[in-house]
A.B. asks: 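The following block contains the structure, expressed as structure tokens.
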Amino acid sequence: MRTAVAWVRVNLFGGVFSSLVTLAAAYLIGRWLWAFLDWALVHAVWRAPDGRACTAASEGAGACWAFLGQWGRFILFGRYPYDSQWRPLLVIVAFAALLLLSCDRRLWGRWLSPIWIVGLVLNLVLMLGGVFGLDYVPTDLWSGLPLTLILAIVGLALAFPLAVLLALGRRSEMPAIRALSVAYIELIRGVPLITVLFMASVMLPLFLPGGTSIDKLLRAQAGFVLFYAAYLAEVVRGGLQAMPKGQYEAADALGLGYWRKMRLIILPQALQISIPALVNIFIAGFKDTTLVTIIGLFDLISTASNAITDPSWRGFYVEAYGFIGAIYFVFCFFMSRYSGSLEANFRRGRR
Amino acid sequence: MTDNGPMIELRQVHKWYGDYHALKGVSLTVNRGERVVVCGPSGSGKSTMIRCINRLETHEEGQIVVDGIEVTDDARHVAAIRREVGMVFQQFNLFPHLTVLENLVLAPIWVRRMARAEAQDLAMHFLARVRIPEQAQKYPGELSGGQQQRVAIARALAMRPQVMLFDEPTSALDPEMIKEVLDVMVELAKDGMTMICVTHEMGFARTVADAMVFMDAGEIVETAPPEKFFASPESERAQLFLSRVLSH
């Protein structure tokens with residue numbers, strides 16, 4: 001307590017100017033916070049039969065959370081059959097559990113990949129159905145948060161190993177492999193994600209022989225993986241380049257072959273150096289899944305935009321986008337905090 | 001594999017870095033159990049030479065044979081040689097993300113296919129030999145330079161190599177730590193390990209060397225037993241070098 005008081009005195013009221021700035025800032029923050037709470041809580045309306053009544057009840061000065069009561073479930077699960085929506089809910093829970101389990105470093109060695117494989121298969125079965133008495137739900141009905149999570153988590157989880165291979169390929173001593181990796185990375189990085197998604201959804205079917213069709217979600221997912229692999233590869237390469245030559249030589253001198261040297265010595269250290277940059281791309285990638293709206297997939301953005309077009313609940317943009325914004329924020333903030341703690345953890349270990 | 005005959009043989013080895021002629025026809029034979037100390041001014045090719053022996057550098061001409069296996073591009077040859085040749089670097093090059101014990105068991109487990117428990121016993125044995133068994137669970141970054149270099153020696157020994165190469169093992173150490181590393185090396189020499197040491201520690205050379213090799217400008221200028229080399233070096237370049245090294 002005393003240290004807190006001392007901290008405040010030194011850092012916030014260290015002089016006349018500093019004190020004035022502190023007071024001014026406190027006033028501005030306080031006013032804004034008050035306005036926000038007033039809108040979000042004090043004047044908010046929690047129950048209303050329709051949008052007009054809701055707006056009337058809040059006198060236009062408060063949030064209309066009744067809108068989310070009506071449409072929240074649609075925003076989360078979209079067009080997924082109403083009676084089966086417990087399935088995507090379980091999928092969301094399963095993804096959250098997978099992410100939390102992945103934070104436990106005791107599982108990193110042997111157990112993490114089997115856990116993920118089992119988890120992903122389970123999620124696929126839950127979403128798709130058609131077995132174990134679950135109704136079959138085609139992928140064009142998948143929507144909302146589960147779709148976003150699948151695109152982002154599966155996408156990044158597949159893009160990452162591909163990126164590592166590309167990064168190693170780019171630094172390979174074999175000219176053909178190096179050239180291929182460089183060509184791939186430069187080509188994909190030079191194209192906007194939207195273009196890749198369009199290619200995957202519109203162009204690709206044109207090249208396929210008639211009669212064959214690949215699922216649209218699968219195509220978008222593949223486009224997403226290929227795109228983010230190129231970006232992540234460059235980050236991993238940065239980490240590889242930062243490794244001192246002596247580490248390679250020591251591993252060579254001990255007789256470790258190329259793959260063991262990379263897996264046991266070089267990559268653990270190179271990836272560790274790359275954590276901030278990797279998480280940066282993970283976060284960007286998570287949010288970039290919103291672009292699939294453009295090729296007609298029904299992710300969180302689409303469900304939210306659709307919800308606000310309901311004639312009897314028209315125009316509650318702030319509530320709808322605030323709601324999904326909060327969802328995105330929770331996931332991104334989690335990634336950011338976790339990477340921070342991971343870095344601190346590694347620093348402690350190595351000093 | 002026989003018990004007599006040369007362990008390492010270099011015949012007319014040449015090495016270029018672009019236009020720079022780093023090794024100009026180096027020939028050297030090291031027999032089993034022999035301790036060779038290589039000295040010479042910096043840039044004379046000492047490190048390059050021993051790094052060619054386990055293929056950290058490639059040579060362009062000549063022949064290098066280690067334990068009957070020729071050093072070539074063939075990855076299997078290189079792997080076989082590296083299993084038998086331990087190396088200690090100037091900068092230690094321990095793996096900072098692994099504990100001391102993990103540093104030691106890594107290669108025996110993954111290269112020698114040793115069971116983990118056995119590898120750990122072996123590792124503790126060698127940590128005891130370099131006198132730091134109590135540091136097994138620490139990370140390299142928590143140790144002093146001298147301790148790190150001793151761990152590096154133990155790590156190389158844990159592969160049970162037939163030859164040890166030392167590339168200026170004390171040059172990156174603070175003066176007060178040099179002795180603890182040299183003591184370990186002297187003991188190793190007494191146990192009969194075949195060694196090639198690139199070093200400026202002339203006291204160490206006098207104590208353990210069977211042969212002194214003096215290099216300058218990419219050539220072996222003189223090879224002699226230490227008592228002769230230090231008392232009356234034949235070449236002018238060696239005389240000059242010794243007068244500089246021993247004068248302080």
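Proteins get letters first, then strands, A, B, ... in listed order; numbering begins at 1 in each. Here the structure is a predicted model, which means the values were calculated and not measured.
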A.B. asks: What residue in A:G255, A:A250, A:P244 has the most heavy-atom pairs under 4.5 Å with chain B?
C.D. replies: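 Most heavy-atom pairs under 4.5 Å with chain B: A:A250.
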
A.B. asks: Considering residues, nucleotides and ligands other than A:E173, do more than 12 of their heavy atoms fall under 6.0 Å from its CD?
C.D. replies: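 Not buried by this count: 12 neighbours or fewer within 6.0 Å.
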
A.B. asks: Is chain A contacted by the side chain of B:L94, its backbone, both, or neither, given a heavy-atom distance below 4.5 Å?
C.D. replies: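 The answer is the backbone of B:L94.
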
A.B. asks: A:Y231 and A:F227: aromatic ring centres closer than 6.0 Å?
C.D. replies: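 Yes, the ring centres sit under 6.0 Å apart.
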
A.B. asks: Below 4.5 Å from any heavy atom of chain A, which atoms of B:F89 appear? Answer side chain, backbone, both or neither.
C.D. replies: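 Only the side chain of B:F89 comes within 4.5 Å of chain A.
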
A.B. asks: I'd like to know whether OH of A:Y258 has more than 12 heavy-atom contacts from other residues, nucleotides or ligands below 6.0 angstrom.
C.D. replies: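 Atom OH in A:Y258 is packed in, count exceeds 12.
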
A.B. asks: Could you go through the side-chain contact (heavy atoms from CB on, under 4.5 Å) check for A:L99 and A:F331 one step at a time?
C.D. replies: CA-CA 10 Å; A:L99 291 179; A:F331 280 94; 4.2 Å; yes

A.B. asks: Which bit of B:R51 comes within less than 4.5 Å of chain A, counting heavy atoms only: side chain, backbone, both or neither?
C.D. replies: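 Looking at B:R51, just its side chain touches chain A.
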
A.B. asks: Test your reading of the model: is there a side-chain donor-acceptor pair from B:K138 to the backbone of B:L143, 3.5 Å cut-off?
C.D. replies: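 Side chain of B:K138 to backbone of B:L143: no pair is present.
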
A.B. asks: Do you know which of B:M159, B:R155, B:R55 has the most heavy-atom pairs under 4.5 Å to chain A?
C.D. replies: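 Highest number of pairs under 4.5 Å: B:R155.
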
